[in-house]
Amino acid sequence: MNSNRNTIFEEQASVVAHIHHPGAQSILRLLAPKTAKSAKPGQFVHIRVSDALPLRRPISIMLTNPEKGTIDLLYKHIGEGTKQLSERKVGEVLPMLGPIGTPFDVSDTSKRYVLIGGGVGVPPIIFTADALAGKADVVVFAGSEVEFPFALKPSTFILPGITGNTTLTIASLEERNIPCRLASNAGLYGCYEGHVPSLARDYLLALSDEERSRCVLLSCGPHPMLHAVAKLGRELGVPAQLSLEEFMACAIGGCAGCVVKTIEDGQEKYRRVCVDGPVFAAELLPEFS
Amino acid sequence: MSKPIDLSVNFAGLKLQTPLVLLSGCVGFGEEYTRIEGFSNADVGAVILKGTTLEPRMGNAPHRVYETPAGMLNAIGLQNPGTRYVIDEVLPRLPHHETQFWANANGSSLEEYAEVAAMFDDSPVTAIEINISCPNVKEGGVHFGNDPCMAAKVVAAMRARTSKPLITKLSPNNADIAETARLCIEAGTDGLSVINTLVGMAVDVENRKPVIGNISGGLSGPCVKPVALWKIHQTRAVADKHGVPILGQGGLTTPQDALEFAITGARALGLGTGLFYDPLLCKKVLAGLEDYLSRHEMDSFEQLVGSLKV
């Protein structure tokens with residue numbers, strides 16, 4: 001019998017807030033108490049965005065509020081699905097499955113988790129940082145080519161290897177005592193000018209060998225960024241976990257539609273991104289090694 | 001108090017607790033949907049396991065699925081761990097007391113189909129569905145199902161190696177589905193699944209590439225429902241004469257659809273893409289059937305099957 005029985009919930013999630021930001025970004029708050037209560041960092045929800053597109057869309061969870069029963073999602077209007085999602089108004093109800101997927105493995109609290117997110121890959125990084133606050137050593141690097149859809153403020157944390165004008169952090173992370181710095185190629189004030197893996201590399205290189213040996217990279221973002229993170233991990237001997245995305249149909253392991261190639265014990269396989277992932281150890285993924 | 005409505009059906013010698021059958025390729029190797037709170041195997045008459053070949057297959061490169069208007073394309077490529085693994089590792093772990101599990105057999109030669117049948121004959125599956133829409137490697141890759149005689153040869157080859165009920169899944173991409181049905185019945189099939197997906201494709205215009213890694217994929221969902229109903233109607237003309245039941249499938253996504261399939265002649269009702277739209281569809285379809293039967297003063301689902309007035 002399946003040991004995963006009754007771990008995913010079908011909820012009629014009502015839109016509590018839907019805030020639109022520059023760069024075709026939106027933050028959606030949904031009332032989904034069961035998902036809010038049981039979601040783990042790195043997991044996602046599968047949402048019916050409109051009656052015209054009955055096949056659901058997978059979106060990462062950015063934050064949960066178990067007391068209020070809400071979850072926050074950040075997404076960019078890229079395809080038809082996310083465009084239609086952006087039209088949903090407060091009070092509308094979206095059928096939703098969640099929480100789904102294998103989360104980031106953050107079970108070893110003796111580690112330092114170096115979180116690297118880019119663009120719409122930032123949400124699971126925020127969720128992970130929030131969940132680990134006060135429980136493990138965490139540092140966040142986030143990159144964006146458009147304005148960040150968050151309140152920013154100067155960071156009071158001094159981070160090794162970070163110099164010059166790289167001063168800003170995400171205010172909500174600062175309030176939870178999580179050190180963070182930002183990167184962008186778009187000339188955004190207070191951000192490192194360049195790609196976010198380069199910013200993380202400066203930080204990692206400035207650590208002592210002992211400190212670096214405790215680090216684990218957790219990353220989500222566009223493929224070129226994940227390639228750079230995987231390469232960084234190999235270069236410095238730091239393990240990396242990557243969160244992937246792929247077109248999905250069922251999102252619960254039934255159709256094998258959303259696969260990624262892995263190599264396990266020397267054998268090539270296709271694993272399901274929905275339930276075997278979305279988080280995979282980088283060394284299992286030939287595309288990133 | 002009114003008499004309870006009997007939703008069970010007799011299908012190819014099997015007693016199904018409800019007419020609902022979860023379709024091959026949509027529900028993994030049997031237990032994926034029980035991850036969802038509120039989903040119950042007790043609501044379905046049978047679960048058809050993912051298509052299985054003699055040896056393991058990796059399947060196709062992504063993308064494998066893509067939403068299209070009122071439907072979707074898929075090209076999974078029969079990713080499966082091989083028949084031996086399914087029998088030794090998958091079947092022993094399934095809750096056979098909750099519902100029936102059927103195999104879905106595939107092959108690239110008559111010999112492979114026959115061997116898969118022989119192996120599943122000695123297993124807890126209660127029936128074997130035959131996917132005849134596989135390329136015949138020895139005959140230049142023509143799909144077995146596209147040639148009625150070749151389709152019947154697949155059935156005969158498997159019939160010789162198993163006493164389990166065989167259910168042949170007919171392709172709508174075949175010119176004469178009734179003739180294929182007739183020959184498959186003569187070759188010994190006990191039931192017919194009508195229909196498999198239609199072949200289609202989609203184009204990514206920015207990259208000028210096919211969206212689906214395999215170029216073509218199987219089209220399913222509400223857009224194929226009218227085709228499915230017509231093919232069931234055509235098949236029934238042959239199947240009824242021989243008392244061979246039809247598992248209707250193709251775009252069943254609402255309780256209303258279930259009624260249409262049953263009235264047209266489907267004794268069992270297949271759910272596939274409909275589960276992706278609504279993973280808790282089973283309970284809604286069963287409630288819809290009960291409501292309809294009650295309103296029309298019928299006390300069993302079987303009274304509704306094939307009640308189409310033409």
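The sequence lines fix the lettering, A, B, ..., with proteins before strands; numbering per chain opens at 1.
The line from CZ of B:F276 to CD1 of A:I252 is 8.0 Å long, rounded to the nearest 0.5 Å. We find the CG-OG1 distance between A:L55 and B:T68 to be 9.0 Å, quoted to the nearest 0.5 Å. Atom OG1 of B:T34 and atom CD1 of A:I8 lie 9.5 Å apart (nearest 0.5 Å).
Taking both residues in full, the closest heavy atoms of A:F9 and B:E37 are given as CD2-OE1, 3.3 Å, listed atom of the first, atom of the second, then distance. Taking all atoms of both residues into account, the shortest heavy-atom contact from B:G59 to A:Y270 is O-CE1, 3.6 Å. Considering every non-hydrogen atom in both A:F247 and B:V65, the closest pair reads CD1-O, 3.3 Å. Taking each heavy atom of B:E98 and A:R5 in turn, the nearest pair found is OE1-NH2, 2.7 Å.
Side-chain atoms of B:R64 never come within 3.5 Å of backbone atoms of A:V259 as a donor-acceptor pair (strictly under, hydrogens ignored).
B:N80 does not touch chain A: none of its heavy atoms, backbone or side chain, sits under 4.5 Å away. Heavy atoms of A:V260 lying under 4.5 Å from chain B are absent altogether. Residue contact with chain A, scored on non-hydrogen atoms closer than 4.5 Å, involves the side chain of B:L280 exclusively. Using a 4.5 Å cut-off between heavy atoms, B:A61 contacts chain A through both its backbone and its side chain. Using a 4.5 Å cut-off between heavy atoms, A:L53 contacts chain B through both its backbone and its side chain.
No more than 12 heavy atoms of other residues, nucleotides or ligands lie within 6.0 Å of NZ in A:K68, so this atom counts as exposed by the packing criterion. Crowding of B:I215 atom CD1: a count of heavy atoms from other residues, nucleotides or ligands under 6.0 Å not exceeding 12. Other residues, nucleotides and ligands contribute only 12 or fewer heavy atoms inside 6.0 Å of the NE2 atom of A:H195. Heavy atoms of other residues, nucleotides or ligands lying less than 6.0 angstrom from CD of A:Q267 number 12 at most. For B:R57, the CZ atom counts as densely surrounded, since its 6.0 Å shell holds more than 12 non-hydrogen atoms of other residues, nucleotides or ligands. More than 12 heavy atoms of other residues, nucleotides or ligands shown are found within 6.0 angstrom of CD on A:E145. Within a 6.0 Å radius of CZ in A:F280, other residues, nucleotides and ligands contribute more than 12 heavy atoms.
Contact tally against chain B (heavy-atom pairs below 4.5 Å) for A:M248, A:R48, A:E268: the top residue is A:E268. Interface check for chain A: of the options B:E32, B:M72, B:K50, the most heavy-atom pairs under 4.5 Å are formed by B:E32.
The shortest side-chain heavy-atom distance between A:K261 and B:P62 does not fall under the 4.5 Å cut-off. The closest side-chain heavy-atom distance from A:C255 to B:N74 is not below 4.5 Å. B:P279 has its side chain out of reach of A:H46: every pair of non-hydrogen atoms, C-beta onward, lies at least 4.5 Å apart. Looking at heavy atoms from C-beta onward, A:R272 lies out of side-chain contact with B:Q79 at the 4.5 angstrom threshold. Counting heavy atoms from C-beta on, the side chains of B:E67 and A:E80 never come closer than 4.5 Å.
Contact check on A:E10 versus B:K284 returns no salt bridge, with no Lys/Arg side-chain nitrogen under 4.0 Å from an Asp/Glu carboxylate oxygen.
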